Protein chains: 2
Amino acid sequence: MKNQTLILLDTVERLGNLLRTGLRQAGVIQGLQPIHLQALLYLNEANRYSNTPQALAEYLGLTKGTVSQSLLLLARRKLIARHADEKDGRIVRLTLTDKGKDVLKELGLTNTWREALAEASPARLSSATKVLKEALARMQVKNGLKTFGVCSTCQHNLHIGPRSYVCGLTKEKLSSREVSKICREHLPIEEKTV
Amino acid sequence: MKNQTLILLDTVERLGNLLRTGLRQAGVIQGLQPIHLQALLYLNEANRYSNTPQALAEYLGLTKGTVSQSLLLLARRKLIARHADEKDGRIVRLTLTDKGKDVLKELGLTNTWREALAEASPARLSSATKVLKEALARMQVKNGLKTFGVCSTCQHNLHIGPRSYVCGLTKEKLSSREVSKICREHLPIEEKTV
DNA sequence: CACGAAACGTATCGTGTCGATACTAAATAG
DNA sequence: CTATTTAGTATCGACACGATACGTTTCGTG
């Protein structure tokens, strides 16, 4: 009999493959590869410290050279816009164009997933999420990777008033919309394992 | 606030990406791509009805032409062996060579995963597995895909005595080792959701 | 302030995935 | 015996991906 842990690993791997296949099929219509859609999805969620080629490369676990090529393609198709950073001339800021946002809207990737989990109890869902998030965080730490979380789970985030946030790292004010985006500087709050 | 279901989706996607990145890094040493390792892993678990290029293509969600190319590469490197089926001349049987098995042994892919889940309680693990297996099965059905499970969870499997099994589909006897392998004809037993 | 190091990004090359299409050979149906 | 189906291969074009090399801009340390 196989170890329970390995069965879970197998299941996650298969789900990952299936989601990737879904991305591939969804991208065919637009002539896009899975990695392109992943890039668009990331840029749609990245905060102002994280919308750069370098951050995307770290997020995807690829080299900056590889990512640079994919970004050139996306820019050619007018799905993203590239702007030089005002303060730091080395940095390129990436934003989704309206066309890029439309692509994401038309995907509707989450439907089958929602249906697949429709009958699972909320308690089970949240328990499963907890287990997997823990695993993800540990694997990221072990591999020296960044966690790319949102501000609400970040040690740097300071909640200085109602709907008023400051990042302790950059000392900048963040809007309540901004704190729900993902950040490459994210430092997870140590959670007590219940 | 985001839907709990979507948070789980996001986590699974990220874990999938991370596992894939792990595969990529592991393969660099052997000069292999993630897909090659996935093929080897599959062939290591596939039963006698499922060790063909076509079955592998279905499992991976790719076209047979694409898979054929990857298999040619693996054969060139002597990691797999190809034999014509005795009864059906169209079919090619794929088996791992000793060299191919060695590659899998040297990978040790599961270690970081094990460690990442070391502190999770068995109850949580099995609950999470249940949720995800359910989701996987539903998504496979929805997409018209095969489930590739083991005989013990298959409607075709007949347990005719202690350590004695027969597949109701092929009417062939199966060894107790064989029933723990994955099969392209797998038809999942309807499970009652507790 | 100068100069070397580091960080961000691009360009280019070779290997290989991937789908699409077209093909061969073997089995099967009528 | 012929038409169809099934398993697999061959080839082509677009592109991912890493490695390497390169150009800018910023930073740091004397």
Side-chain angles (χ1 to χ4, degrees), chain A residues 17 20-40 49-77 79-94 146 184-185, chain B residues 17 20-40 46 49-77 79-94 184-185:
Chain A
N17 287 342
R20 188 181 169 79
T21 302
L23 270 189
R24 183 176 298 283
Q25 289 172 350
V28 165
I29 306 157
Q30 312 278 348
L32 297 174
Q33 306 278 333
I35 197 72
H36 299 146
L37 295 179
Q38 288 189 309
L40 294 179
Y49 308 129
S50 314
N51 57 352
T52 69
Q54 181 65 39
L56 178 59
E58 288 165 5
Y59 181 79
L60 296 175
L62 302 173
T63 61
K64 57 181 183 170
T66 295
V67 169
S68 180
Q69 296 312 302
S70 295
L71 290 173
L72 287 177
L73 181 148
L74 290 175
R76 237 182 286 141
R77 308 238 175 126
L79 301 179
I80 61 172
R82 304 152 64 86
H83 301 289
D85 187 271
E86 294 177 359
K87 294 179 183 170
D88 190 332
R90 296 170 303 180
I91 295 177
V92 172
R93 297 284 166 196
L94 305 166
K146 295 181 177 173
R184 67 185 297 203
E185 305 293 354
Chain B
N17 287 342
R20 189 180 167 78
T21 301
L23 270 189
R24 183 176 298 285
Q25 289 171 348
V28 164
I29 305 157
Q30 312 278 348
L32 297 174
Q33 306 279 332
I35 197 72
H36 299 145
L37 296 178
Q38 289 188 308
L40 295 180
Y49 307 129
S50 315
N51 57 351
T52 68
Q54 182 65 39
L56 178 58
E58 288 165 4
Y59 181 80
L60 295 174
L62 302 173
T63 63
K64 57 180 182 169
T66 295
V67 169
S68 180
Q69 295 313 302
S70 296
L71 289 173
L72 287 176
L73 181 147
L74 290 175
R76 236 183 286 140
R77 309 236 174 127
L79 300 179
I80 62 173
R82 304 152 65 84
H83 302 290
D85 186 272
E86 293 176 1
K87 295 179 183 170
D88 189 332
R90 298 171 300 181
I91 295 177
V92 171
R93 298 284 165 196
L94 305 166
R184 65 185 296 204
E185 306 293 353

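Worth saying up front: this structure is predicted, and the values here are computed from it rather than measured. Here is the naming used below: chain letters follow the sequence lines, and residue numbers restart at 1 for every chain.
Shown are A:His83, A:Arg93, A:Arg184; of these, the side chain to side chain donor-acceptor pair (under 3.5 Å) with A:Asn51 is made only by A:Arg93.
Side-chain atoms of A:Arg77 come within 3.5 Å of backbone N or O of A:Gly31 as a donor-acceptor pair.
Using a 4.0 Å cut-off, no side-chain N or O of A:Arg76 falls inside it from OP1 or OP2 of D:dA14. An OP1 or OP2 oxygen of D:dA16 is reached within less than 4.0 angstrom by no side-chain nitrogen or oxygen of B:Arg20.
Taking the nucleotide of DNA chain C with the nearest heavy atom to each of A:Pro53 and A:Gln33, the more 5' of the two is matched to A:Pro53. Of the two residues near DNA chain C, A:Arg184 and A:Val28, the one whose nearest nucleotide lies more 5' is A:Arg184. Comparing A:Glu86 and A:Arg77 along DNA chain D, the residue whose closest nucleotide (by nearest heavy atom) sits nearer the 5' end is A:Arg77.
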Could you give me the CA-CA distance, side-chain angles and deciding distance for A:Leu56 and A:Leu71, then say whether side-chain contact (heavy atoms from CB on, under 4.5 Å) is met? CA-CA 10 Å; A:Leu56 178 59; A:Leu71 290 173; 3.8 Å; yes

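One donor-acceptor pair, N or O on each side, does fall under 3.5 Å between the base of D:dT6 and the side chain of B:Arg90.
Atoms CD (B:Gln54) and C1' (D:dG8) sit 9 Å apart, rounded to a whole Å. Taking atom CD1 on B:Ile91 and atom P on C:dA26, their separation rounds to 13 Å, with Å as the unit.
The nearest pair of heavy atoms linking A:Ala55 to A:Ser50 is CB-O, 3.3 Å. What you find for B:Thr21 and A:Gly61 is that their closest heavy atoms are CG2-O, 4.1 Å.
Near DNA chain C, meaning a heavy atom under 4.0 Å away, the residues from residues 61-69 of chain A are A:Lys64, A:Ser68, A:Gln69.
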